[in-house]
Amino acid sequence: MSPGSSTESYPAFARIGLRENPGKNLNQSYQRSSADRGVCLLIRSCALAWIKFPHGLITWHKCPDIPLPPQPVVTRWGTWIRSVVYYSKHFKEVVTVIDKLPETDSAACVKAVKDCLNDSRVKNDIAYITSNFSFIPANTEQLQREKQSLCSQIAIVKEAQVNIHSALGETGKKVKNKWDNVLNKNVGFSLLEKVSRVISGESVNVPVSIDVSIVPNLKFAPLTSVSVERSFSAFKMILSDKRQRLTVENLEKNSGGVLCR
């Protein structure tokens with residue numbers, strides 16, 4: 001289907017579709033702003049240190065009730081901030097384990113981790129991120145859940161907006177501006193927000209572009225494309241190098257099972 005034909009076939013969906021998750025942009029924006037201050041270097045180098053010295057993980061088993069250090073996943077929103085929160089909670093334990101790892105020429109990542117852990121700016125950044133933005137991972141996971149009403153999804157975004165606007169410091173202002181810019185560019189979000197208010201029984205003037213008959217169908221409209229992206233991954237596994245003899249009948253059964261999830 002060509003880009004132009006999608007608007008002709010699904011005019012309402014093309015107008016109100018939310019193009020991107022503001023939480024995802026916020027997470028990526030803060031990663032870029034913190035890269036020169038060592039937080040990203042700490043997370044990246046610490047992950048490499050466990051690969052270079054896997055025996056160092058044995059020390060973690062001696063620490064009860066302390067999980068292994070997480071590794072951020074690019075395709076999973078909020079995992080980077082979750083890693084920062086982890087180092088905030090278990091900073092002393094991480095220092096204890098890292099100090100036991102040898103510094104060799106083949107493992108420069110260990111020296112980089114030790115330098116970051118001894119850097120007061122990194123400690124301050126970890127504390128700042130945890131204090132002001134630790135809500136983002138949980139908020140993002142709530143927004144990714146399926147079968148949620150439009151009103152509940154809008155409430156999740158509004159709750160995140162309140163927390164973002166309460167962030168302190170110069171970095172907090174930059175993150176707030178980034179959040180506002182993303183939402184302002186998403187014309188579809190303002191339309192869906194008005195639709196949710198109509199569904200809630202409020203008196204709101206809905207734009208002429210949205211027909212009254214469509215409003216009830218938007219009661220469970222998703223704000224993000226997470227479910228669609230996950231379906232792509234599921235469909236990709238139906239016909240793969242390990243499965244090349246599917247009949248048309250079995251293909252319909254498999255595709256139907258994915259769509260019903």
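Along the sequence shown, residues are numbered consecutively beginning with 1.
- Using a distance-only test at 3.5 Å, with no hydrogens or angles considered, no donor-acceptor pair links the side chain of D119 to the main chain of G38.
- Shown here for S134 and I81, the closest heavy-atom pair between the two residues is CA-CG2, 4.3 Å.
- The only member of L150, V204, I214, I154 that meets side chain to side chain contact (heavy atoms under 4.5 Å, CB included) when paired with V195 is L150.
- Minimum interatomic distance between G172 and A167 (heavy atoms only, all atoms of both residues): CA-CB, 4.0 Å.
- For the residue pair T130 and S88, the shortest heavy atom distance occurs at OG1-CB, 3.3 Å.
- Between Y86 and H90, the closest side-chain pair of non-hydrogen atoms falls below 4.5 Å.
- Atom SG in C46 sits 4.5 Å away from atom CD1 in I98 (nearest 0.5 Å).
- By the 4.5 Å heavy-atom criterion applied to side chains, L42 and I126 are counted as neighbours.
- Counting all heavy atoms, side chain and backbone alike, Q148 lies closest to Q153 at O-NE2, 3.2 Å.
- Contact of the V85 side chain with the F133 side chain is not registered, since no non-hydrogen atoms from C-beta on lie closer than 4.5 Å.
- With Q144 contributing its side chain and T224 its backbone, the two residues share no donor-acceptor pair below 3.5 Å.
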Margin query: Evaluate I43 against Y87 for side chain to side chain contact (heavy atoms under 4.5 Å, CB included), listing each step before the verdict.
Written below: CA-CA 9 Å; I43 297 175; Y87 287 104; 4.0 Å; yes
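- Under the 4.5 Å side-chain heavy-atom criterion for Ile, Leu, Val, Met, Phe, Trp and Tyr, F189 and F220 are members of distinct hydrophobic clusters.
- Distance check: K111 NZ to S45 OG gives 11.0 Å after rounding to the nearest 0.5 Å.
- Taking 4.5 Å as the limit, every side-chain heavy atom of V95 sits out of range of all side-chain heavy atoms of K114.
- At least one side-chain heavy atom of E141 sits under 4.5 Å from a side-chain heavy atom of R82.
- Distance CG/L218 to OG/S149: 12.5 Å, rounded to 0.5 Å.
- Residues K178 and K174 form no side-chain contact, since every pair of their non-hydrogen atoms from C-beta on lies 4.5 Å or further apart.
- Summarising the local packing, CG of N205 is surrounded by 12 or fewer heavy atoms from other residues, nucleotides or ligands at distances under 6.0 Å.
- N186 CG to L192 CG: the interatomic distance, rounded to the nearest 0.5 Å, is 10.0 Å.
- Between S83 atom OG and R44 atom CZ the span is 12.5 Å, to the nearest 0.5 Å.
- For the pair I199 and C151, the minimum side-chain heavy-atom distance is below 4.5 Å.
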Next item on the list: Kindly indicate, with the supporting measurements, whether the criterion side chain to side chain contact (heavy atoms under 4.5 Å, CB included) is fulfilled by W80 and I129.
Entry: CA-CA 11 Å; W80 182 82; I129 297 171; 3.9 Å; yes
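- Side-chain atoms of Q161 and K158, non-hydrogen and from C-beta on, do get closer than 4.5 Å to each other.
- Under the 4.0 Å criterion applied to side-chain N and carboxylate O atoms, D180 and K176 are assigned as salt-bridge partners.
- A side chain to side chain contact (heavy atoms under 4.5 Å, CB included) with I156 is found for exactly one of N139, T140, L223, namely N139.
- Remark: N163 CG to E159 CD distance equals 6.0 Å, nearest 0.5 Å.
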